[in-house]
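So you know, we letter chains A, B, ... as the sequences are listed, proteins then strands, and number each from 1.
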Amino acid sequence: MAARIVEVEAYASDDPASHSYRGRTARNAVMFGPPGHLYVYFTYGMHHCMNVVTGRLDEGNAVLLRAAEPLQGIDAMRRRRGRTSLHELCSGPAKLCQAFGVDRRMDGWDLVHGSEMWLLEGEPVSAETGPRVGIRVGLDRPWRFRAEGNPFVSRARAGR
DNA sequence: GTATTGATCTTCT
DNA sequence: GAAGATCAATACA
């Protein structure tokens, strides 16, 4: 399976909206680990979201992967996600995890030297920024980035 | 078409 | 005990 990341949000340890804001806990320990690792957390009782650690050791900075464009293994994604349109396979952080079968067992995986899941360098794209989604604090930081003109980004819901 | 709400559980207060 | 980096089904126009 492969997908191009088209939408992300940045979270820093001095950011009240970040899990790492209140310091290191059992859940977010990975965020304070070495960069290039995967941080997976469970939320709303039924959804997983995944981040890539970007800060140095002990910094607690990471980037939330919000949406991706399916490239390969679309059949496998459909099997996990159910019968759905191509656009909706990865158009959201929890959908992305479901499509890739990511759960907490993968928390802490090395995405640089890993053998089962890893990151590749993509083509440069122009990005547009905007406010982050689903948080109540830290709204003054427009740290949401998405590939300009790409139809595979998550759909903005009315009222946000 | 858009708006509202239920599902459901880990983590921190 | 409460809130949460959400999604999908349902209700309404």
Side-chain angles (χ1 to χ4, degrees), chain A residues 1 3-56 58-70 73-74 76-109 111 117 119 127-148 150-160:
Chain A
M1 288 190 292
R4 184 192 313 279
I5 299 167
V6 296
E7 182 174 353
V8 298
E9 287 179 8
Y11 288 90
S13 56
D14 63 347
D15 178 350
S18 171
H19 286 175
S20 56
Y21 179 61
R22 292 177 185 81
R24 184 179 194 142
T25 66
R27 175 173 62 158
N28 64 24
V30 174
M31 288 181 84
F32 291 89
H37 283 220
L38 189 68
Y39 166 48
V40 181
Y41 69 92
F42 192 73
T43 191
Y44 291 102
M46 34 182 17
H47 295 299
H48 296 278
C49 299
M50 62 172 149
N51 303 248
V52 178
V53 179
T54 55
R56 294 167 184 267
D58 295 327
E59 282 185 346
N61 299 336
V63 168
L64 167 72
L65 308 186
R66 285 195 57 85
E69 173 184 350
I74 293 171
M77 294 185 193
R78 275 230 173 84
R79 275 195 292 276
R80 289 188 180 281
R81 294 266 305 120
R83 187 160 159 262
T84 183
S85 70
L86 179 65
H87 283 68
E88 293 184 346
L89 279 177
C90 299
S91 63
K95 298 176 186 178
L96 187 57
C97 287
Q98 193 179 352
F100 275 80
V102 170
D103 61 27
R104 302 221 2 177
R105 291 175 317 200
M106 299 171 189
D107 195 27
W109 274 21
L111 294 179
M117 181 172 177
L119 294 170
E128 54 189 4
T129 63
R132 289 174 296 178
V133 177
I135 55 177
R136 296 187 179 183
V137 291
L139 296 174
D140 55 322
R141 301 186 184 195
W143 285 359
R144 179 187 187 197
F145 306 95
R146 46 185 184 173
E148 197 171 345
N150 191 300
F152 293 89
V153 298
S154 65
R155 263 197 294 238
R157 221 166 91 170
R160 279 190 180 155

Contacts satisfying salt bridge (Lys or Arg N to Asp or Glu O under 4.0 Å) that involve residues 21-49 of chain A (not counting sequence neighbours) are A/R24-A/D58

Sorted by chain and number, sequence neighbours left out, salt bridge (charged side-chain N to carboxylate O under 4.0 Å, His left out) with A/R132 holds for A/D15

Residues at least two apart in sequence or cross-chain that pass side-chain hydrogen bond (donor to acceptor under 3.5 Å, both in side chains) with A/H19, listed by chain then number, are A/Y39

Across all chains, not counting sequence neighbours, the ring pair (Phe, Tyr, Trp, His ring centres under 6.0 Å) partners of A/F42 are A/H48

Donor-acceptor pairs under 3.5 angstrom involving side-chain atoms of residues 134-142 of chain A: please list them, not counting sequence neighbours.
unit_1: A/R141; atom_1: NH1; unit_2: A/D14; atom_2: OD1; d: 3.4
unit_1: A/R141; atom_1: NH2; unit_2: A/D14; atom_2: O; d: 3.4

Ordered by number, residues from residues 17-26 of chain A within less than 4.0 Å of DNA chain C (heavy atoms) are A/A17, A/H19

Taking Watson-Crick and G-U wobble contacts under 3.5 angstrom, with | marking pairs to another strand and [ ] crossing pairs, the secondary structure of DNA chain B is written |||||||.||||.

The side-chain hydrogen bond (donor to acceptor under 3.5 Å, both in side chains) partners of A/R105 (sequence neighbours excluded) come to A/D103

Using distance only, find each side-chain donor-acceptor pair of residues 90-100 of chain A under 3.5 Å and give its atom names and separation, not counting sequence neighbours.
unit_1: A/S91; atom_1: OG; unit_2: A/H87; atom_2: O; d: 3.3
unit_1: A/S91; atom_1: OG; unit_2: A/K95; atom_2: NZ; d: 3.1
unit_1: A/Q98; atom_1: OE1; unit_2: A/R81; atom_2: NH1; d: 3.1
unit_1: A/Q98; atom_1: NE2; unit_2: A/R80; atom_2: O; d: 3.4

With sequence neighbours left out, the residues meeting side-chain hydrogen bond (donor to acceptor under 3.5 Å, both in side chains) with A/E59 are none

side-chain hydrogen bond (donor to acceptor under 3.5 Å, both in side chains) filter on A/N28, not counting sequence neighbours, yields A/T25

Of the listed C/dC7, C/dA5, B/dT11, the closest approach to the A/Y39 side chain comes from C/dA5

Numerically ordered, the residues 82-103 of chain A set in heavy-atom contact under 4.0 Å with DNA chain B is none

